[in-house]
Amino acid sequence: MIKFYDMEAINMDSIDALCEASDKIIRSGNYVFGTEPFEEDFAEWNGNKHCIGVSSGTSALHMALLALGIGPGDEVITVSHTFRATVSAIRYCGATPVYVDIDPDTYCMDAKQISSKITNNTKAILPVHIYGNVCDMDAICRIANSHNIPVVEDCSQAHGSTLNKKKVGTFGKIGTFSFYPGKGLGALGDAGCIVTDDDDIAEHLKELRSWDSTTIGYNYRLSNLQAEFLRIKLKNYNNILKQKRSIAEIYNEHFTHCHTRKGVQHSYHIYPILVNDRNIVRKETNDKVATGIHYPIPVHKFHSHKTGVHLPVTERIANTQLSLPIYPGVNAMKVIDVLGQYA
Ligand SMILES: *Cc1c(COP(=O)(O)O)cnc(C)c1O
């Protein structure tokens, strides 16, 4: 039986360093307000001037939009093919999500559909680098710049994904990451961060995450323990990425797979295939290979976000998508053996 994900195995790689760090932090008596070492390492690794550690990927998105001054009456252009935190964050600000459909080849925001959705109320464009693939950032930033609208990249599934060797989170005004344990780079609990090259936004975000004095106030801080765990795991992350990319290469030879744009290096948080009769396929194979679905209900059809818009590509992918296990040590040939006949 092949597991969908092996959370424990990934942390076993650095078990000694993790235990040593937790021992040190427990004894230090210093549990918050000491996350700079990780923030500096992550900013450097990702190629940004600033990294602001926060409590989750969801709070990272909320804070990014707050820092841009987004509020009631504003519109944010985004996708429905995402984890629903992307859309919830827009609504926390009282703003309205405006959807564009995804590109049928990459499953990422279809840049061609953005212009027709821009109004005087559009205050941000929020693409999602879904599964670890990279959106068409050249086109998205070109459109955004021509209207003077900031881009916020949701990088929660794309740690280390690159376009022309530049990492995601460096193209827009702000990038947000989740370090939820199951994400590409995961903490041992909830965590997230925001990256930006803008000094003023970085300052504002540091105030926002910990009870700034001008607004109602938030506690969106990252704890020292998670920051230190992340600092340790970041050292091994390039190596994990390399292993996941070689597994993907094997899968790519056997499965009809999603495309990456020219110059893109995928990070394979998720390896999606499309199958008809997904429930039957899962029933026939789940005692041998555990698979996932990301996501069975697109956000615009999810009850608390339900709207009447029709997004044909998003809906088709949501109905047929199946996620294969992809992590260091997974038996790729066995997965191909069991699922190769379906896709
Ligand atoms: C996981 C995820 C989030 C939310 O991150 P949390 O750390 O779970 O709050 C946001 N956006 C996307 C695309 C995600 O995959």
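Nothing here was measured: the structure is a model prediction, and the numbers come from that model. Whatever order the structure lists them in is the order used to number ligands and atoms, beginning at 1.
Closest protein heavy atom to atom 11 (N) of ligand 1: Asp154 OD2, 2.8 Å. Closest protein heavy atom to atom 7 (O) of ligand 1: Ser178 OG, 2.6 Å.
Close contacts between ligand 1 and Ser56 involve ligand atoms 7 (O), 9 (O) [criterion: under 4.0 Å to a heavy atom]. Interface of Gln157 with ligand 1, defined as ligand atoms under 4.0 Å from a residue heavy atom, comprises 13 (C), 15 (O). Listed by number with element, the atoms of ligand 1 under 4.0 angstrom from any heavy atom of Thr82 are 13 (C).
Ion pairing between Lys3 and Asp6 holds under the 4.0 Å rule for side-chain N and carboxylate O.
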Inset, instruction - Check the pair Arg27, Asp23 against salt bridge (Lys or Arg N to Asp or Glu O under 4.0 Å), reporting the backbone distance first and the verdict last. - result: CA-CA 6 Å; Arg27 290 175 198 282; Asp23 187 79; 2.9 Å; yes
Inset, instruction - Please test Lys49 against Asp197 for salt bridge (Lys or Arg N to Asp or Glu O under 4.0 Å), starting from the C-alpha separation and ending with a verdict. - result: CA-CA 5 Å; Lys49 198 163 169 197; Asp197 291 345; over 6 Å; no
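Considering both main-chain and side-chain atoms, Val128 never comes within under 3.5 Å of ligand 1 through any nitrogen or oxygen pair. In terms of polar-atom proximity, Asp190 is not counted as a contact of ligand 1, lacking any N or O under 3.5 Å from an N or O of the ligand. On a distance-only criterion, Tyr180 and ligand 1 share no N/O pair closer than 3.5 Å.
Ring pair Phe302/His305 is tilted by interplanar angle, where 30° to 60° counts as tilted. In this pair, Tyr268 and His266 present their aromatic rings parallel. The plane angle is below 30°, not in the 30 to 60° band.
Ligand 1 lies less than 4.0 angstrom from a heavy atom belonging to Lys183.
Using a 4.0 Å cut-off between heavy atoms, Thr58 contacts ligand 1 through both its backbone and its side chain.
Cation-pi geometry between Lys166 and Phe171 is met: the NZ or CZ atom falls under 6.0 Å from the ring centre, inside 45° of the normal.
Tyr180 OH: 12 or fewer foreign heavy atoms inside a 6.0 Å radius.
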